[in-house]
Amino acid sequence: MPLPPAPGRRAARLSPEAYENKVNPARASSRTVAAEPEEVNETIAPEAPTAAAPVRRRTRNTAEAATKAAAPAVATPKSTTSTRQAAAKKTISNTPVTASNGSQGKSLPRSKKTQGPAKLFVLDTNVLLHDPTSLFRFEEHDIFLPMIVLEELDAHKKGMTEVARNGRQTSRTLDALAGAEGADIGRGLKLDSTGQRAAGGCLYFQTAPLDYSLPTSLPAGKADNQILGVVAALSKEYAPREVVLVSKDINMRVKARALGLNAEDYQNDKTLDDGDLLYAGVLALPQDFWSKSGKNVESWQSGAHTYYRIGGPIVPQLMINQFVYFEAPGAPSLFARVSEIREKTAVLQTLKDFGSAKNAVWGVTTRNREQNFAMNLLMDPEIDFVTLTGTAGTGKTLLALAAGLTQVLDDRRYTEIIMTRATVSVGEDIGFLPGTEEEKMGPWMGALDDNLEFLAKGDGGNAGEWGRAATNELIRSRIKIKSMNFMRGRTFLNKYVIIDEAQNLTPKQMKTLITRAGPGTKIICMGNLAQIDTPYLTEGSSGLTYAVDRFKGWPHSGHITLARGERSRLADFASEVL
């Protein structure tokens with residue numbers, strides 16, 4: 001095989017001589033085979049004698065060679081010695097020499113990202129279809145693509161789905177790497193040849209049949225089993241180099257581990273490893289806050305809001321538009337939003353109480369602390385992007401619709417409400433739906449109908465049947481239901497956009513939707529991270545999690561995690577016990 005075994009210590013930055021050796025293999029091999037007065041000194045790295053491959057040491061003058069020859073030899077087990085000799089033989093015959101810095105027992109300086117020798121990652125097809133740029137996400141490590149992966153990419157390239165687009169993009173990327181100047185598939189394609197400087201490894205294709213044997217219970221004709229066979233063959237042929245299978249398929253990883261192979265999930269798309277680490281948008285002030293910081297607090301009044309300038313150790317924990325609250329028995333409560341952060345001080349702005357009937361929004365009053373925080377974000381014209389998360393029944397859709405109707409029909413701040421959602425079924429798909437775009441989206445918008453029914457009877461309870469019908473018609477005329485499939489290329493001007501069930505979106509889909517916003521547009525993304533129905537998406541890799549993490553701290557965005565359900569006592573109890 002053309003793939004070289006990795007040295008025991010791989011440097012992130014190679015010397016110019018080593019770079020020449022890697023770029024010009026013919027020159028490197030001629031220098032290795034030619035009879036030169038140089039001595040090869042093979043030792044075992046003291047940190048991991050059994051896991052590291054041999055390191056080739058080259059002396060440049062006779063005096064240094066004589067000094068090294070006088071040093072006592074290192075005793076090695078017979079099996080290790082034979083492995084070194086086989087690896088050295090293969091290196092001389094097939095691959096260029098990896099040069100070191102010439103000082104015995106030390107390797108070249110390694111960057112902070114490098115941890116041990118470079119690995120060889122075998123990518124499953126679903127990784128490339130999930131993230132077409134995954135080829136450049138493995139830093140200094142090498143990548144191997146089995147032939148069956150290329151065959152599956154070819155099978156998925158047709159169509160207008162996101163998977164098909166990703167397959168075509170991956171194929172174009174592979175073609176660009178193979179067509180780069182000086183590219184040699186037999187010796188590996190340098191991943192940084194197309195300008196991706198973060199990728200320091202090489203891409204290898206399966207150019208010859210591999211000898212492997214799998215249990216008879218695994219059919220040889222299945223694509224997943226063929227990939228497992230390739231991983232098994234590479235692990236055996238290039239030991240002790242670590243060969244790792246990367247797959248988004250859980251069962252694929254389980255089978256690989258059952259066969260004694262290394263397998264990992266694709267981690268680069270995960271914003272957070274644990275959903276509990278997600279930014280909540282709310283911070284509780286400590287009980288001793290006023291006793292410690294009260295003397296140094298500066299306060300002033302401006303319009304309907306009171307402002308407090310605070311300092312102390314809590315300031316580094318704060319972010320712009322983050323909500324803080326102080327509740328203690330016998331002390332006045334404080335509910336505020338961080339409006340400014342300057343070095344060691346922060347400014348807190350008190351909130352408008354939307355729980356009071358005089359501040360009701362389209363007849364809706366907030367019922368708890370988090371709902372009041374969310375309504376302050378939804379009604380603020382300076383906030384362009386709002387994310388709401390929470391379990392079922394916390395009021396996400398109702399709050400967003402009430403704030404939208406008020407700002408569209410009463411304040412005339414926006415021209416209309418546009419509502420869309422990811423069309424991912426909980427169970428089996430019912431097939432094609434008849435009618436126009438809005439009629440096809442109708443079955444997916446049951447939550448919209450339920451909340452509009454509640455909002456329509458709020459103010460017009462005594463208006464009679466004709467009054468309610470007129471109100472419903474007016475509301476319907478200002479709400480447009482759009483499909484996500486036709487969003488690419490659009491621009492929304494002065495629109496109030498609601499993206500429901502955003503937890504089922506990938507980060508790429510989320511970027512596509514948010515970048516549709518034009519001047520004067522406000523976007524609200526909401527969803528429940530515990531109800532993800534899209535395959536291969538988790539709480540850590542969801543587009544909603546991605547948006548919350550990337551937008552936190554931006555002065556024109558805000559996030560709130562709604563904590564308490566307000567739908568009914570039955571729904572609240574079911575959420576807890578079921």
Side-chain angles (χ1 to χ4, degrees), residues 275-290 293 297 299 304-308 310 314-315 317-339 346-380 382-383 385-404 406 451 454 524-530 544 548 551-553 557-569 571-573 575-576:
D276 294 336
L277 302 176
L278 183 65
Y279 171 66
V282 180
L283 180 67
L285 296 176
Q287 295 294 316
D288 57 352
F289 173 73
W290 290 117
S293 305
V297 172
S299 64
H305 300 283
T306 303
Y307 295 85
Y308 299 92
I310 65 172
I314 198 173
V315 173
Q317 306 177 34
L318 301 177
M319 292 188 179
I320 295 293
N321 290 331
Q322 185 178 17
F323 291 90
V324 297
Y325 65 92
F326 176 83
E327 291 178 332
S333 300
L334 172 67
F335 303 96
R337 184 174 69 183
V338 180
S339 61
V347 176
L348 306 181
Q349 172 188 341
T350 57
L351 306 177
K352 187 175 182 179
D353 183 16
F354 289 100
S356 173
K358 65 178 182 180
N359 294 327
V361 178
W362 203 263
V364 174
T365 57
T366 57
R367 296 187 178 183
N368 56 55
R369 179 179 60 225
E370 286 77 16
Q371 284 189 353
N372 191 51
F373 293 162
M375 190 62 80
N376 274 271
L377 289 176
L378 294 170
M379 295 298 294
D380 190 345
E382 294 299 321
I383 302 297
F385 183 70
V386 179
T387 50
L388 302 177
T389 60
T391 58
T394 50
K396 302 182 294 294
T397 306
L398 181 64
L399 294 176
L401 274 177
T406 298
N451 286 279
F454 175 82
I524 293 88
C525 291
M526 51 193 183
N528 180 10
L529 291 172
L544 181 57
V548 171
F551 276 91
K552 64 181 180 183
S557 69
H559 169 72
I560 285 296
T561 300
L562 300 175
R564 197 172 72 192
E566 299 290 350
R567 179 170 289 167
S568 67
R569 58 190 178 189
D572 295 343
F573 184 73
S575 299
E576 295 177 1

Would you indicate whether the side-chain heavy atoms of Asp353 and Asn372 approach each other to under 4.5 Å?
yes
For residues 385-400, which residue pairs qualify under salt bridge (Lys or Arg N to Asp or Glu O under 4.0 Å), counting only residues two or more places apart or in two chains?
none
So do Leu283 and Met319 actually touch side chain to side chain, heavy atoms under 4.5 Å?
no
What's the separation between atom OG1 in Thr406 and atom CG in Leu401, rounded to the nearest 0.5 Å?
10.5 Å
On a heavy-atom basis, which atom in Phe323 and which in Phe373 lie closest, and how many Å separate them?
CZ-O, 3.3 Å
Given side chains that start at C-beta, do those of Trp290 and Leu285 come closer than 4.5 Å, heavy atoms only?
no
For the residue pair Asn321 and Ser557, what are the closest heavy atoms and their distance?
ND2-O, 2.9 Å
Closest heavy-atom pair, Pro286 versus Ile314, reported as atoms and distance to 0.1 Å, is CD-CD1, 3.8 Å
Spacing of OG1 belonging to Thr387 relative to CG belonging to Leu278, to within rounding of 0.5 Å
8.5 Å
Work out which heavy atom in Gln371 is nearest to a heavy atom in Gly395; give both atom names and the distance.
NE2-CA, 4.2 Å
How far does NE2 of His305 sit from CG of Leu348, to the nearest 0.5 angstrom?
13.5 Å
For Leu399 and Met375, the nearest pair of non-hydrogen atoms, with its separation, is CD2-CE, 3.4 Å
What are the two closest heavy atoms between Arg564 and Asn368, and how far apart are they?
NH2-CB, 3.4 Å
Scan the side chains in residues 325-338 for donor-acceptor partners under 3.5 Å anywhere in the protein, sequence neighbours excluded, and list what turns up.
residue : atom : partner : partner atom : Å
Glu327  : OE1  : Arg369  : NH1          : 3.0
Arg337  : NH1  : Asp380  : OD2          : 3.4
Arg337  : NH2  : Asp380  : OD2          : 2.7

Would you please test Thr389 and His559 for side-chain contact (heavy atoms from CB on, under 4.5 Å) and show each step?
CA-CA 8 Å; Thr389 60; His559 169 72; 3.4 Å; yes
Atom OH of Tyr307 and atom OG1 of Thr350: how far apart are they, to the nearest 0.5 Å?
7.5 Å
For the CD1 atom of Ile560 and the CE atom of Met526, what is their distance to the nearest 0.5 Å?
15.0 Å
Look up atom OG1 in Thr394 and atom CG in Asn528, then write down how far apart they are to the nearest 0.5 Å.
7.5 Å
Who are the side-chain contact (heavy atoms from CB on, under 4.5 Å) partners of Thr365, not counting sequence neighbours?
Ala360
